[in-house]
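First comes the structure, then the notes that go with it.
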Amino acid sequence: MECFVGIDLGTSSVRAIAVNPKGRTVAAGQCEYDILKPALNQAEQDMEKLWQAAVLAIRQMLSADKGLADRIRGIGFSGQMHGLVMLDAEARLIRNAIIWADQRSGPQIEKIYRVIPREQFGEIYCNKLSTGFLLPSLLWVREHEPQNYEKVRKVLLPKDYIRYRICGELGTDASDASGTGMWDMKRRDWAYGLLEKLDILRDMMTVSRESYGQAGVVTKECARETGLRAGTFVAYGGGDSLMMELGNGMIRSGRMASTIGTACHLTCALEKPLYDTKLRTNTWCHGEEGLWSIMGAHLSGGVALKWLKNQILGFKDFDTMTEEAEAVPAGSEGMLFLPYLNGERTPHNDSDARAVYLGMTLKHTRAHMIRSTMEGIVYSMKESYAIFQSLGIRAQRMIAAGGGANSRLFRQLQADMYQCPIYRNQGNEQAGLGAAMTAAVGCGYFRNYEEACESMVHLSSQATEPISANVKRYEEEFLRFKEIYHANKKLF
């Protein structure tokens with residue numbers, strides 16, 4: 001049977017999956033890698049190592065199913081958003097990529113707003129700027145590494161470099177480009193007027209198309225290196241949060257995804273570029289013309305639980321850890337956790353924000369600490385939901401996504417705090433599935449995303465329902481949670 005490949009370039013690993021037209025995964029491969037930390041507030045990755053990881057993941061996928069390469073109709077991509085990859089005149093890497101988790105470019109953001117006032121910038125971009133976005137990272141390089149900046153001929157996002165190594169063509173897509181800080185959200189094109197004011201050459205930008213568009217075909221060189229068939233259709237793909245929305249069937253308003261991965265985000269598809277005028281949330285282009293997405297972004301999700309597991313408590317696995325937390329009552333008996341281990345975006349956009357445990361007493365145990373950490377992650381996302389509601393956005397169906405969807409306790413916390421049933425995707429590869437769907441539509445197997453979603457996306461019929469007593473408790477505790485940041489802002 002014919003199939004489609006989704007290559008999902010994450011922050012900690014790359015995963016390649018082959019899915020059939022019914023959305024079932026028939027083969028998969030994965031390879032992990034690390035974040036480089038040259039300084040406390042910096043986060044980088046070696047794109048050559050990420051490419052080699054992608055090669056290993058693809059080869060592992062192909063080895064799982066003999067003859068698979070010949071059955072692949074098309075390849076799509078999902079990638080960590082915002083990061084900066086710089087190429088020279090020979091399309092060679094100039095330095096490590098500066099990724100989304102980087103926090104060094106705060107001063108550059110302030111300089112941008114002195115040239116282009118925040119409100120004026122926001123009217124075009126429909127977003128606030130954050131550290132880790134391509135634009136301020138590029139200006140940091142211009143200021144601190146002028147010898148590298150002089151070499152720059154093209155700037156890319158991380159997944160665009162992996163796709164370039166596969167098809168030999170430079171380019172990006174609207175969904176990922178909209179997360180750079182250099183984008184006109186309503187026109188779905190580069191914001192050349194903003195770039196001119198910031199003295200950035202427009203020639204640095206690559207061509208941008210929609211996610212299902214054809215970027216090229218697998219080159220002979222890539223075929224030799226990966227085992228893919230030369231000439232195979234290659235789609236542009238998109239940013240990971242948008243591809244995850246596709247993989248959850250979120251192509252019209254009403255469906256909302258609550259994603260707990262390394263970081264977290266709450267997202268909903270929109271038929272118009274609606275945005276929060278206070279710039280607390282993000283609005284991105286979705287995977288096709290006439291479709292956008294609104295997102296509340298939170299920098300500490302599963303990474304906070306991983307930190308607690310590895311650095312503090314020493315648990316061997318997450319299941320044992322979270323099972324212990326289930327014995328603690330809702331609200332963790334007054335213990336609260338502000339999960340800003342890596343700064344925060346929504347709603348504060350404060351790279352200096354830090355984590356806080358509040359209300360600890362002698363009666364509290366490590367189980368309380370675990371549960372309060374998980375509760376703090378979802379409280380933070382609830383702040384995004386409150387903003388969505390203020391904009392008139394309601395969830396007709398809430399879908400749990402990311403690694404957190406596999407946790408019974410995380411699903412219950414979301415049901416209780418959002419006060420609605422929580423559904424799951426029957427598969428665990430939403431971003432990779434969305435990436436594969438861009439190829440399936442792009443190569444013409446499906447006429448559009450509606451047809452692709454009907455065939456490939458399967459949600460569970462059963463949902464996690466809210467517990468009324470927990471709902472009341474969390475509403476009370478949420479009021480306390482919201483005060484922690486404001487009470488400590490000056491200390492941060």
Side-chain angles (χ1 to χ4, degrees), residues 248 254-261 264-268 296 298 300-302 304-305 308-309 315 318-339 357-361 363-390 393-426 428 459-484:
N248 281 309
R255 280 189 176 180
M256 196 173 292
S258 179
T259 302
I260 301 176
C264 297
H265 50 263
L266 191 70
T267 55
C268 182
H298 305 275
S300 294
L305 205 59
L308 185 65
K309 178 176 79 74
F315 275 88
F318 286 108
D319 289 342
T320 304
M321 183 176 173
T322 56
E323 283 173 10
E324 189 169 316
E326 287 184 299
V328 174
S332 300
E333 297 188 288
M335 186 173 175
L336 287 164
F337 176 63
L338 189 70
Y357 282 102
L358 180 72
M360 298 176 75
T361 68
K363 72 178 178 182
H364 288 112
T365 66
R366 68 179 187 178
H368 290 85
M369 181 173 281
I370 298 165
R371 186 177 184 113
S372 68
T373 300
M374 298 175 74
E375 288 174 340
I377 291 166
V378 185
Y379 279 136
S380 185
M381 299 177 74
K382 183 176 171 65
E383 293 209 82
S384 286
Y385 191 37
I387 296 171
F388 286 11
Q389 290 176 311
S390 73
I393 300 171
R394 297 291 187 275
Q396 296 172 5
R397 176 166 287 192
M398 183 74 78
I399 304 164
N406 299 320
S407 165
R408 179 175 58 195
L409 181 52
F410 260 139
R411 294 196 303 274
Q412 189 63 60
L413 293 177
Q414 291 170 90
D416 294 340
M417 292 195 196
Y418 298 142
Q419 301 177 33
C420 67
I422 300 294
Y423 293 83
R424 294 179 67 191
N425 195 309
Q426 290 183 14
N428 295 317
L459 298 182
S460 60
S461 57
Q462 294 183 337
T464 302
E465 299 287 343
I467 299 170
S468 57
N470 292 356
V471 168
K472 184 176 185 297
R473 179 64 175 170
Y474 285 133
E475 278 296 289
E476 295 170 351
E477 292 299 297
F478 182 55
L479 298 176
R480 295 178 60 221
F481 174 86
K482 291 192 294 183
E483 292 301 314
I484 301 174

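All values derive from a computational prediction rather than experimental measurement. Along the sequence shown, the residues carry numbers beginning at 1.
Using a distance-only test at 3.5 Å, with no hydrogens or angles considered, a donor-acceptor pair links the side chain of His364 to the main chain of Ser332.
With a 4.5 Å cut-off on side-chain heavy atoms, Ile377 and Cys264 count as touching. Using a 4.5 Å cut-off on side-chain heavy atoms (C-beta onward), Met335 and Val328 make no contact. At a threshold of 4.5 Å between non-hydrogen side-chain atoms, the residues Gln414 and Met398 do not count as touching. At a threshold of 4.5 Å between non-hydrogen side-chain atoms, the residues His368 and Lys363 do not count as touching. In this structure the side chain of Ile370 reaches within 4.5 angstrom of the side chain of Met374, judged on heavy atoms. Using a 4.5 Å heavy-atom cutoff, the side chains of Asn470 and Arg473 are not in contact.
Taken to the nearest 0.5 Å, the CD1 atom of Ile399 stands 7.5 Å off from the CG atom of Asn425. In this structure, the separation between CZ on Phe478 and CG on Leu336 is 11.5 Å, given to the nearest 0.5 Å.
His298 is linked by a ring-ring contact (aromatic ring centres under 6.0 Å, His included) to nothing, counting only residues two or more places apart in sequence or in another chain. Listed by chain and residue number, Tyr357 satisfy the side chain to side chain donor-acceptor pair (under 3.5 Å) test with Thr373 (two or more places apart in sequence, or in another chain). Lys472 pairs by the salt bridge (Lys or Arg N to Asp or Glu O under 4.0 Å) definition with Glu476, not counting sequence neighbours. Taking the side chain to side chain donor-acceptor pair (under 3.5 Å) definition, one finds that Ser461 meets it with nothing, sequence neighbours left out. The side-chain contact (heavy atoms from CB on, under 4.5 Å) test applied to Ser468 returns no partner, not counting sequence neighbours. In this structure Gln396 satisfies the side-chain contact (heavy atoms from CB on, under 4.5 Å) test with no other residue, sequence neighbours excluded. Under the rule for a side chain to side chain donor-acceptor pair (under 3.5 Å), Tyr423 has no partner lying at least two apart in sequence or in another chain. In this structure Phe481 satisfies the ring-ring contact (aromatic ring centres under 6.0 Å, His included) test together with Tyr379, sequence neighbours excluded. Legend: residues meeting side chain to side chain donor-acceptor pair (under 3.5 Å) with Arg366, ordered by chain and number and at least two apart, are Glu324. Residues forming a salt bridge (Lys or Arg N to Asp or Glu O under 4.0 Å) with Arg480 (at least two apart in sequence, or on another chain): Glu477.
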task = List the steps and the verdict of side chain to side chain contact (heavy atoms under 4.5 Å, CB included) for Ile260 and Leu305.
result = CA-CA 11 Å; Ile260 301 176; Leu305 205 59; over 6 Å; no
task = List the steps and the verdict of side chain to side chain contact (heavy atoms under 4.5 Å, CB included) for Met256 and Tyr418.
result = CA-CA 11 Å; Met256 196 173 292; Tyr418 298 142; over 6 Å; no
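What you find for Asn248 and Arg255 is that their closest heavy atoms are O-NH1, 3.3 Å. Of all heavy-atom pairs between Phe337 and Ser372, the closest is CB-O, 3.3 Å. The minimum heavy-atom distance linking Pro421 with Ala463 is given by the pair CB-CB, 3.9 Å. Residue Leu459 comes nearest to Gln426 through the heavy atom pair O-NE2, 3.3 Å, listed as atom of the first residue, atom of the second, then distance. A pairwise comparison of heavy atoms in Gly296 and Ser384 identifies CA-OG, 3.2 Å as the closest pair. Across all non-hydrogen atoms, the minimal contact from Cys268 to Gly254 is SG-N, 4.0 Å.
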Show me the donor-acceptor pairs, under 3.5 Å and distance only, between side chains in residues 401-413 and residues at least two apart or in other chains.
{"from": "Asn406", "atom 1": "OD1", "to": "Arg424", "atom 2": "NH2", "distance (Å)": "3.1"}
{"from": "Ser407", "atom 1": "OG", "to": "Leu409", "atom 2": "N", "distance (Å)": "3.4"}
{"from": "Ser407", "atom 1": "OG", "to": "Phe410", "atom 2": "N", "distance (Å)": "3.1"}
{"from": "Arg408", "atom 1": "NE", "to": "Glu326", "atom 2": "OE2", "distance (Å)": "2.9"}
{"from": "Arg408", "atom 1": "NH2", "to": "Glu326", "atom 2": "OE1", "distance (Å)": "2.8"}
{"from": "Arg408", "atom 1": "NH2", "to": "Glu326", "atom 2": "OE2", "distance (Å)": "3.4"}
{"from": "Arg411", "atom 1": "NH1", "to": "Ala405", "atom 2": "O", "distance (Å)": "2.7"}
{"from": "Gln412", "atom 1": "NE2", "to": "Asp416", "atom 2": "OD1", "distance (Å)": "2.9"}
{"from": "Gln412", "atom 1": "NE2", "to": "Glu465", "atom 2": "O", "distance (Å)": "3.0"}

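Sequence neighbours left out, the pairs with a member in residues 370-384 that pass salt bridge (charged side-chain N to carboxylate O under 4.0 Å, His left out) are Arg371-Glu375, Lys382-Glu475.
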